[in-house]
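See structure below.
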Amino acid sequence: MKALVLVVLLSSAMCVCAEEAFEATRDLPVACKGRFCSLEASARLWLYDIYHKQELKQSDTSDTSALGLLWRLHFLGHTPWDNTPLFWIHYAQVKEMGGLPLNQDRFSYNDLIFLKEGLTGPAAAELTSLQEKLKLFAEGSSSSLKMLPLKKARGEWASLHALHKENNVTAFSDADFQRVRSAYLALKNAVVNDKDIAPATERFANAYSDAYAKLAGQQYKRAEGKALTYPTFARLHAETLYYRLPLIVAAIAAYGLALLLMIGNSRPRNILAMILLTAGFLLHTTVLAMRCFILQRPPVSNMFETVVYVPWISLILGIAYYAFTKSRIVLAAATAASLALLVLLQITQVDARMENVQAVLDSQYWLIIHVLMIVGSYGAFALCGVLAHIYLFQSMRKRPHNESMQKMSQGILHTMYVGVALLIPGTILGGVWAAESWGRFWDWDPKESWAFITACVYLLVIHAYTFLRIKDFGLAVGAIAGLMAMSFTWYGVNYVLGTGLHSYGFGSGGEKYYFGYLAIECAFLLIATAVNKKSEGTLHQLR
Amino acid sequence: MNLLKHTYHFLGGVYFAMILIASVTLFVIAGTFLESSSQSHLYAAAYTYDSPLFALLLWGFFINILFAATRRWPFRWKHAPFLITHLGLLMVLGGVLLKHYFGHQGTMLLTEGSGSHVIRLANTFAINVQKRGEKVSTSHPLKRNFSGRYDPLIARRDDGLVLQLAEITPHVSEHLATWAKGPVAVIDGLRPMPMVDVIDQEELTLAGRARFGSEDAPVWDLFALRTDHTEAVQKQVKKLARKTPALAIIENSDHDVSLFAVGPYGDVWTQHIGKGGPESLIAYDDGFSGYAVKAELPFDTTPAHRASREQVIANKIKSQLEKARDEGVALATPLEIFKRACEKAQVDFPDMLTTYLVRWNATGSWLYPESTPLPAELHTVFANMTWEDIDPHVATGCQWALVLFDKVGEALESDDAPLEVLRKARWPLLASLERENSMIDPEGKNPSVILELLTQQMLASAAMLPAQDSRLAPPQQHAAMLSVLMRAYGIHMSTIANDDSAPSDPLVLETRVMPVHEVLSPSNKIEDNKPRVVLHAAKDTVGKAMALAYDRSGTGLKWPVLHGEYLLRFQPDVIDIPYHVRLRQARQINYANSNQAYSYESDLVVTEMKSGMTRETTISMNNVYETWDGYRFYLSSISPSDESTAKKIVVVVNRDPAKYWLTYPGAVVLTCGIVWLFCRRKKNDDE
């Protein structure tokens with residue numbers, strides 16, 4: 001078992017140490033979609049955008065790193081790669097239209113250059129975006145490397161191509177500029193003549209780093225009550241690492257193994273499970289912490305971040321609950337909830353990009369209070385929901401009402417309380433935020449409405465349970481109903497309804513699967529209820 | 001008594017609570033799906049959140065929570081968390097209700113540099129009344145009674161004006177009728193003319209004749225036509241107006257109206273009034289006496305004689321030529337050739353030029369026809385004309401142009417689609433002609449552009465054509481050749497006459513403007529509907545009904561009623577606030593290298609009107625300005641995002657009297673209560 005852990009850890013470490021000629025430039029800043037990110041991050045995102053992978057396959061090209069490809073494109077132009085299959089196509093209609101083989105996913109520039117307009121639906125959208133990508137590829141704008149801060153306009157950066165001219169238009173000092181320039185020209189020479197690239201890269205990276213060091217961490221744009229700063233090297237390095245390390249995959253592996261080990265009940269297995277769980281949790285925390293550090297804001301402003309944050313809260317609650325009650329079943333449920341959501345995240349390939357936050361949301365104080373509370377309550381409800389599922393499964397297996405079932409239903413009730421205690425004040429504080437920032441306390445906006453509905457469902461269950469209208473079984477059923485309401489608030493409002501004021505992070509896709517999930521959940525509840533009725537009947541007869 | 005007790009316990013009981021929670025939940029779920037399917041918040045709200053049933057449910061909550069607490073009387077310590085939670089709920093609910101009845105919530109529209117102290121209450125209906133002689137207007141909101149219907153009496157004012165609501169229609173379209181008013185076309189001062197549907201474009205029915213200006217002014221043919229082929233009909237009017245000037249009022253089925261005039265010299269003028277209404281209006285007496293549109297046609301009403309008109313043009317040409325001579329400006333090639341010929345013949349150049357242009361214009365032909373006899377003086381001029389001094393290809397080009405126009409000229413000039421004629425004639429340079437034409441005249445409205453381009457093409461391709469000897473040509477041919485060159489340079493009587501943009505005494509026409517409503521079936525998206533009210537306004541013994549369409553922005557026209565004693569507008573209710581807000585500057589700050597906004601900001605100057613105290617402040621999203629007495633100013637939107645024009649902003653203004661002492665503390669109490677409930681429950685479980 002330990003060997004298995006070793007394999008996982010080693011394999012995740014392996015990915016980090018691929019040698020690369022342009023390695024020295026990985027942490028240099030480059031302008032990218034309104035932000036400044038590390039060159040490596042920008043290269044990987046660019047490659048993912050066109051190639052659907054952050055690294056190239058060995059079979060497609062000799063040099064497999066995104067960074068290397070970007071630099072070479074920058075110096076050599078696109079012609080040498082015109083026959084390399086760099087462009088990923090998803091829809092068969094697009095391939096058919098270009099007369100391309102359907103069993104292939106990636107195509108070269110020369111394969112695609114003759115594509116025309118004339119499709120409908122999502123395939124048309126892919127075609128349009130593909131043509132835009134081809135255009136940028138041919139123009140060289142995707143590899144222009146905007147790395148030179150301009151003197152005239154703070155925050156506006158120019159392409160490295162500007163180094164071909166002698167006059168210094170950058171915010172660098174003249175001496176720095178000349179050093180960067182000569183290093184750049186030397187690097188160009190090395191790449192074009194295919195000489196020893198690494199030392200030239202090293203020289204350029206050093207010259208550029210020295211020049212940029214004077215700007216790093218400085219403000220470049222000021223607005224009322226806030227300002228934007230250039231990233232420090234630490235932030236840039238963190239971003240590079242973030243994209244290089246398969247943190248989420250590793251966390252999934254750790255959680256998965258921990259969950260497997262938790263099923264048994266021997267002491268060494270338990271210890272190992274706890275170690276794995278801790279490791280997974282640390283990786284999970286690292287993901288969130290790195291995003292916080294890189295973006296300088298709480299990691300809760302798009303779908304990707306919330307899907308990472310919710311299971312993290314579930315797990316914290318699970319661990320805290322375990323610490324107080326020693327209830328291993330709750331801990332296992334928290335692990336299962338985290339595992340499920342992270343796997344979902346990995347499968348659906350939700351946009352993981354680090355983006356600027358919208359002006360409307362840009363209030364650190366309220367964003368932290370409101371969103372962390374609401375999304376935190378989702379964490380509690382997710383845990384509550386998983387426990388309820390386990391409870392119903394167990395009850396279907398006709399287990400008598402033993403102590404573990406009792407513990408589980410207590411767990412359901414307590415997590416539900418925590419969720420409600422986070423959701424209702426969080427929603428009201430959201431109203432206060434809205435009243436303070438936009439002038440309305442409550443407007444029956446769909447997101448608000450569904451938060452209200454979710455709260456109502458849980459309140460209904462709590463009232464019914466407290467005043468003894470329903471018992472543990474009903475509580476579990478209610479917890480699942482609440483989970484469905486919560487999932488609609490979280491996903492459905494953005495993706496199914498797609499209307500209202502909370503329009504940040506609206507999207508589309510996956511509706512079919514979501515409705516499928518709801519249907520399965522309903523069927524499960526029906527079966528569980530039917531089985532329960534029957535068993536209660538037998539119980540009654542036995543008495 | 002027993003029943004009362006049972007009811008009391010039921011109303012404060014958990015069953016009632018659960019029924020309420022469940023029904024409110026169902027309501028809200030329905031609301032979100034209605035909103036999603038109709039894309040209209042108001043539509044969903046009308047059936048759910050704003051419905052009386054929903055309000056009843058909320059009051060049910062209020063009672064339930066209250067009774068649930070009082071039922072536990074006498075209170076004991078163990079009730080505390082329960083009571084605190086429910087007290088918090090009551091406080092939040094009460095705060096929201098107080099805000100609803102005593103607070104303000106409105107918007108203020110500001111443009112950079114402007115200021116206001118009036119806020120608009122969105123989605124409310126009111127009649128805005130302004131009395132003659134008074135600067136300020138009063139807002140009279142339409143009130144609903146208990147059944148949700150509007151109260152028939154809108155206002156009974158101290159000055160005796162009584163406004164009553166006769167009818168309200170959910171959705172109409174409104175356009176301003178100008179020259180065409182339903183069945184008739186109206187020009188002030190003339191008898192209304194019946195609008196006639198155009199059936200056969202070849203035969204247009206004359207609506208009347210009129211003489212504008214003095215006794216010796218020309219008589220105009222008048223047309224009042226309804227058609228969807230405005231341009232074709234305009235062409236036909238132009239054809240008919242060869243001899244007499246004509247004026248046509250043409251309306252299409254979208255109520256777009258065009259006023260089309262062909263002047264005494266064939267000059268065309270048109271005014272188009274489309275969907276957006278006329279570009280400018282005349283307000284008589286600030287609108288109290290109504291509104292009108294004016295058309296100023298650049299045709300002199302005096303002098304009306306052709307001779308005197310020609311004199312005006314001749315004088316103009318003369319003065320311009322003299323000016324050019326004095327300033328030493330080089331003349332255009334055709335004028336230079338003509339001038340040299342005049343000098344050789346020893347005649348006055350400006351005089352001769354005018355004579356030539358007038359005669360050419362009189363033929364009505366694109367080029368000077370060779371067959372037209374020349375007067376003696378011009379004959380000598382053209383006999384002396386030489387082309388050798390300029391590029392020899394020019395003369396060749398002119399001659400070939402004559403050949404071309406001799407063949408297809410007539411067809412070209414009379415046909416509406418000269419390009420088709422050229423295509424049939426297999427003109428080799430058609431492609432480039434089409435391209436250039438589509439650039440200059442993309443809608444193909446002006447066929448003469450093609451003739452001009454064709455002429456230029458001929459001259460440009462002259463080098464490729466076999467030369468002819470121009471020295472042997474008779475004077476008539478020189479006259480015709482010169483006209484080719486002049487066309488290429490855009491010199492013609494009509495261009496010179498058109499250039500005369502401000503005639504001394506232009507023809508001015510006016511007509512009253514009136515709103516016309518068409519009832520449409522209302523859309524589910526209530527935000528897009530334009531309701532209409534029919535009012536009855538009465539004062540003393542005089543009464544009048546009038547229809548007004550909803551003006552969402554409250555910035556449109558106010559309409560006169562009761563012989564211009566009052567102006568009315570149907571718009572959102574407005575209220576005055578005790579602060580005057582002026583917008584200095586608004587700006588959008590973007591993230592680096594992108595169009596994504598990082599911050600929206602506006603610099604405001606806020607003056608408290610009572611004390612005159614002024615404060616400058618900057619508001620931005622998430623950063624509001626609040627006055628000492630609780631008025632809050634929020635920046636809601638800025639448009640446009642670029643620097644193309646002065647920025648407009650929407651400021652949300654609100655005042656919540658209960659916020660600080662009821663709603664927010666209520667939220668805190670509620671939160672504490674929930675946490676306490678949770679902790680206590682746990683302790684109980686442990687026990």
Side-chain angles (χ1 to χ4, degrees), chain A residues 31-36 146 154-157 220-226 228 356 358-360 362-363 366 410 413-414 417-418 420-421 424-425 428-429 431-432 435-446 449-450 452-453 456-457 459-460 463-464 466-467 469 493 496-500, chain B residues 14-15 17-18 21-22 24-25 28-29 31-33 35-36 39 41 44-45 48-49 92 95-96 99 105 588-601 618-624 632-634 636 652-654 656 659 663-664 666-668 670-671 674-675 677-678 681-682 685:
Chain A
C32 125
K33 311 219 161 144
R35 282 182 62 237
F36 299 99
K146 286 191 175 178
R154 279 151 75 90
E156 300 296 314
W157 286 27
Y220 67 88
K221 201 158 256 197
R222 231 181 292 258
E224 186 68 16
K226 53 183 184 176
L228 291 168
N356 283 317
Q358 299 197 17
V360 190
D362 198 4
S363 164
W366 286 112
Q410 284 306 305
L413 186 66
H414 291 152
Y417 269 131
V418 173
V420 170
I424 293 181
I428 292 176
L429 283 171
V432 176
E436 291 299 304
S437 298
W438 310 297
R440 260 168 199 280
F441 182 73
W442 193 262
D443 198 32
W444 292 117
D445 170 72
S449 296
W450 273 93
F452 177 84
I453 291 163
C456 279
V457 171
L459 280 181
L460 207 59
H463 274 86
T466 312
F467 297 98
R469 310 285 166 192
V493 172
V496 178
L497 294 180
T499 173
Chain B
V14 71
Y15 268 127
M18 286 169 65
I21 296 175
V24 165
T25 307
V28 177
I29 290 176
T32 59
F33 278 96
E35 178 163 345
S36 174
Q39 292 291 317
H41 182 72
T48 52
Y49 321 121
V92 172
V96 171
K99 156 94 197 283
Q105 176 83 47
Q588 174 181 340
I589 300 174
N590 287 343
Y591 282 108
N593 303 301
S594 94
N595 293 324
Q596 195 195 344
Y598 170 56
S599 182
Y600 298 97
E601 302 176 4
T618 300
I619 59 172
S620 63
M621 294 243 159
N622 289 309
N623 182 10
V624 308
R632 297 175 65 89
F633 299 91
Y634 314 87
S636 164
V652 174
V653 182
N654 101 349
D656 184 351
K659 187 171 68 181
T663 320
Y664 293 180
V668 174
L670 176 64
T671 308
I674 291 175
V675 173
L677 266 179
F678 166 55
R681 179 93 31 214
K682 209 166 171 204
D685 293 338

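Per chain, numbering begins at 1; letters A, B, ... match sequence-line order. Side chains included, hydrogens not; waters and symmetry mates left out as well; all remaining heavy atoms used.
Aromatic ring orientation, A/Trp450 versus B/Phe33: perpendicular (interplanar angle above 60°, classes split at 30° and 60°).
Between B/Tyr591 and A/Lys33, the closest side-chain pair of non-hydrogen atoms is not below 4.5 Å. Here the side chains of B/Leu677 and A/Tyr417 are not in contact, with every heavy-atom distance at 4.5 Å or above.
Residues A/Gly155 and B/Asn593 come closest through the heavy atom pair O-ND2, 3.3 Å. In this structure, B/Ile21 and A/Cys456 approach most closely via the heavy-atom pair CG2-O, 3.4 Å. Nearest heavy atom pair, residue B/Thr32 against residue A/Pro446, reads CG2-CA, 4.0 Å.
Taking chain A as the reference chain and counting heavy-atom pairs below 4.5 Å, the highest number among B/Val668, B/Thr48, B/Thr618, B/Ile674 is found for B/Thr618. For the set A/Val432, A/Val420, A/Val457, A/Ile428, the count of heavy-atom pairs under 4.5 angstrom toward chain B peaks at A/Val432. Counting heavy-atom pairs under 4.5 Å between each of A/Trp444, A/Trp157, A/Phe467 and chain B puts A/Trp444 at the top. Ranked by heavy-atom pairs under 4.5 Å with chain A, the first of B/Ala45, B/Gly31, B/Ala592, B/Ser594 is B/Ala592.
In this structure, the side chain to side chain contact (heavy atoms under 4.5 Å, CB included) partners of A/Ala464, at least two apart in sequence or on a different chain, are A/Arg469, A/Ile470, B/Met18. A/Tyr220 meets the ring pair (Phe, Tyr, Trp, His ring centres under 6.0 Å) test with A/Phe36, A/Tyr230; sequence neighbours excluded.
Only the side chain of B/Val14 comes within less than 4.5 Å of a heavy atom of chain A; its backbone N, CA, C and O stay farther away. Residue A/Arg154 does not touch chain B at all, counting heavy-atom pairs closer than 4.5 Å. Of the atoms belonging to B/Leu670, it is side-chain heavy atoms, and not backbone ones, that fall under 4.5 Å from chain A. The contact between A/Ile424 and chain B is made entirely by side chain atoms (from C-beta outward), counting heavy-atom distances below 4.5 Å.
Checking side-chain atoms of B/Glu601 against main-chain N and O of A/Glu224 turns up a donor-acceptor pair under 3.5 Å.
Annotation: the span from B/Tyr598 atom OH to A/Arg222 atom CZ amounts to 10.5 Å, rounded to 0.5 Å.
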